[in-house]
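Structure, as structure tokens:
Note that this is a predicted model, so its numbers are computed, not measured.
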Amino acid sequence: MLNGDLKKKALAKLEATDKEYQTVATDVTKRAAELYEKRKATAEQVIQACEEYVNTLANSPKEFDKSVSEFKVEFDKFTKVVQQIKTDADKAAKASGSVAGAGAAAGVGVAALGPTAAMAIATTFGTASTGTAISALSGAAATNAALAWLGGGALAAGGGGMAAGNFLLAMAGPVGWAIGGTALVGSTLWARHKNEEIAQKATQEATKIKAKTATLKAAKEEIAKLFTLTQQHADGVNTRLNFLKIDAPNNYQHFSNQQKLELATLINNIQALSKLLNKKLS
């Protein structure tokens, strides 16, 4: 068939490109989940450890108490997002009979993601209102709602809208790919075109997928950096706390200069963790 080989090669390349995308997307979702778990466990541990130490330390400096309080505020924000998505996922599960359903957590469409993935993505990339449960929509409306959620919500709600959603759709993994309607390999769409046209379109789509894959790889690197920074500052908190518990007196007024320096470093670690806890990918 005329240009049959051209079509075959182009489609094979598209399929290979799509497989790479799927692999990277799955990995990014996994890394986002790991970051979520690290943030949650670290915050709980640090808050408890610091509060216990504050209770044993007389005349603790205001900066220390303030830093711990601010960290608790950030953790409360983090927890509220998580809890709202859990609640919404339960509602969606009851409505659809599947935990992979979508809903409206604080107006946030879960976009057909399972609860764990939704929480990981929401705390890594951000959430916002779409105004309507995606599970209640279909076709183009569902796609637009999903894109708006992924992009930070509808523009009317102060979010990034669909333009930003198209950027963040890449991180939604295979689910996002399906929502975007771009899984073209094997589609009846190809049967409606001549071989040359099919090859051209396949090449165009492969280029788009490569661009999304590049976005995913960049996101993966940024997630890794956030994970490492979170671990480093958590280790810093634990190291300083252990030092102070063992070597420092129970009254801050009796601290040596070195012990005061250790506490100041501890405060810096806590402040850094506060900023990292709810930091979203740019």
Side-chain angles (χ1 to χ4, degrees), residues 29-87 89 105-106 108 115-127 219-282:
T29 303
K30 177 183 176 183
R31 297 302 175 91
E34 291 172 351
L35 177 61
Y36 159 72
E37 294 292 350
K38 171 60 66 178
R39 283 171 160 174
K40 182 174 180 293
T42 296
E44 292 173 343
Q45 177 188 26
V46 167
I47 289 173
Q48 180 178 353
C50 288
E51 286 188 327
E52 288 176 354
Y53 183 63
V54 167
N55 292 333
T56 66
L57 184 63
N59 299 308
S60 60
K62 292 181 179 179
E63 291 83 357
F64 186 28
D65 294 343
K66 180 181 178 183
S67 295
V68 175
S69 296
E70 289 176 346
F71 191 21
K72 288 183 67 175
V73 169
E74 291 301 313
F75 183 59
D76 286 342
K77 292 179 183 177
F78 180 87
T79 302
K80 285 179 181 177
V81 171
V82 170
Q83 188 56 52
Q84 195 62 58
I85 290 177
K86 283 183 178 179
T87 300
V108 179
T116 300
M119 286 184 287
I121 289 172
T123 53
T124 303
F125 294 89
T127 65
K220 178 180 174 180
E221 290 182 6
E222 194 169 349
I223 291 172
K225 290 178 182 177
L226 285 176
F227 188 96
T228 299
L229 284 172
T230 299
Q231 184 65 64
Q232 288 176 345
H233 287 294
D235 289 343
V237 168
N238 291 328
T239 298
R240 269 81 197 181
L241 272 178
N242 289 334
F243 170 82
L244 292 168
K245 287 178 180 178
I246 295 173
D247 293 340
N250 292 332
N251 191 326
Y252 179 72
Q253 293 181 348
H254 300 155
F255 271 34
S256 66
N257 289 335
Q258 179 59 37
Q259 289 162 348
K260 289 180 179 179
L261 179 61
E262 287 293 331
L263 183 59
T265 304
L266 171 62
I267 292 172
N268 288 336
N269 287 139
I270 295 171
Q271 291 174 340
L273 279 173
S274 294
K275 295 177 181 178
L276 288 171
L277 184 59
N278 287 303
K279 182 176 176 57
K280 307 298 187 293
L281 265 62
S282 56

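In this structure, the separation between CG on Leu266 and CG on Leu261 is 11.5 Å, given to the nearest 0.5 Å. Note that CG of Leu35 is 10.5 Å distant from CD of Glu222, once rounded to the nearest 0.5 Å. Annotation: the span from His233 atom NE2 to Thr228 atom OG1 amounts to 11.0 Å, rounded to 0.5 Å. Put simply, CD on Gln232 and OG1 on Thr239 are 11.5 Å apart, with the number rounded to the nearest 0.5 Å. Here Lys77 contributes atom NZ and Asn278 contributes atom CG; the two are 6.5 Å apart, rounded to the nearest 0.5 Å. For the atom pair CD (Glu52) and NZ (Lys245), the distance works out to 6.0 Å, reported to the nearest 0.5 Å.
For Leu276 against Arg39, the heavy-atom pair with the smallest separation is O-NH2, 3.0 Å. Here the closest non-hydrogen pair linking Ala43 and Leu277 is CB-CD1, 4.1 Å. Of all non-hydrogen atoms in Gly236 and Asn269, the two that sit nearest each other are C-OD1, 3.4 Å. Residue Ser60 comes nearest to Val54 through the heavy atom pair OG-CG1, 4.5 Å, listed as atom of the first residue, atom of the second, then distance. Heavy atoms only, all atoms of each residue included: Ser67 and Ser274 are closest at O-OG, 4.4 Å. The two residues Pro249 and Leu57 have their closest heavy-atom pair at O-CD1, 3.9 Å.
Taking the six-membered ring where tryptophan is involved, the planes of Phe75 and Phe78 are essentially parallel, since the angle between them stays under 30° and well short of 60°. Ring orientation note: the planes of Tyr53 and Phe64 are tilted relative to one another, at an angle of 30° to 60°.
Between the side chains of Glu51 and Asn55, no donor-acceptor pair is found at a separation under 3.5 Å.
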Steps toward side chain to side chain contact (heavy atoms under 4.5 Å, CB included) verdict (Gln45, Asn238): CA-CA 9 Å; Gln45 177 188 26; Asn238 291 328; 3.9 Å; yes

Intermediate values then yes/no, side chain to side chain contact (heavy atoms under 4.5 Å, CB included), Asn59 and Phe255: CA-CA 11 Å; Asn59 299 308; Phe255 271 34; over 6 Å; no

Working for side chain to side chain contact (heavy atoms under 4.5 Å, CB included), residues Gln259 and Tyr252: CA-CA 9 Å; Gln259 289 162 348; Tyr252 179 72; over 6 Å; no

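Side-chain atoms of Glu262 do not come within 3.5 Å of backbone N or O of Leu244 as any donor-acceptor pair.
Within a 6.0 Å sphere centred on NZ of Lys66, other residues, nucleotides and ligands contribute 12 heavy atoms or fewer. Surrounding NZ of Lys225 are at most 12 heavy atoms belonging to other residues, nucleotides or ligands under 6.0 Å away.
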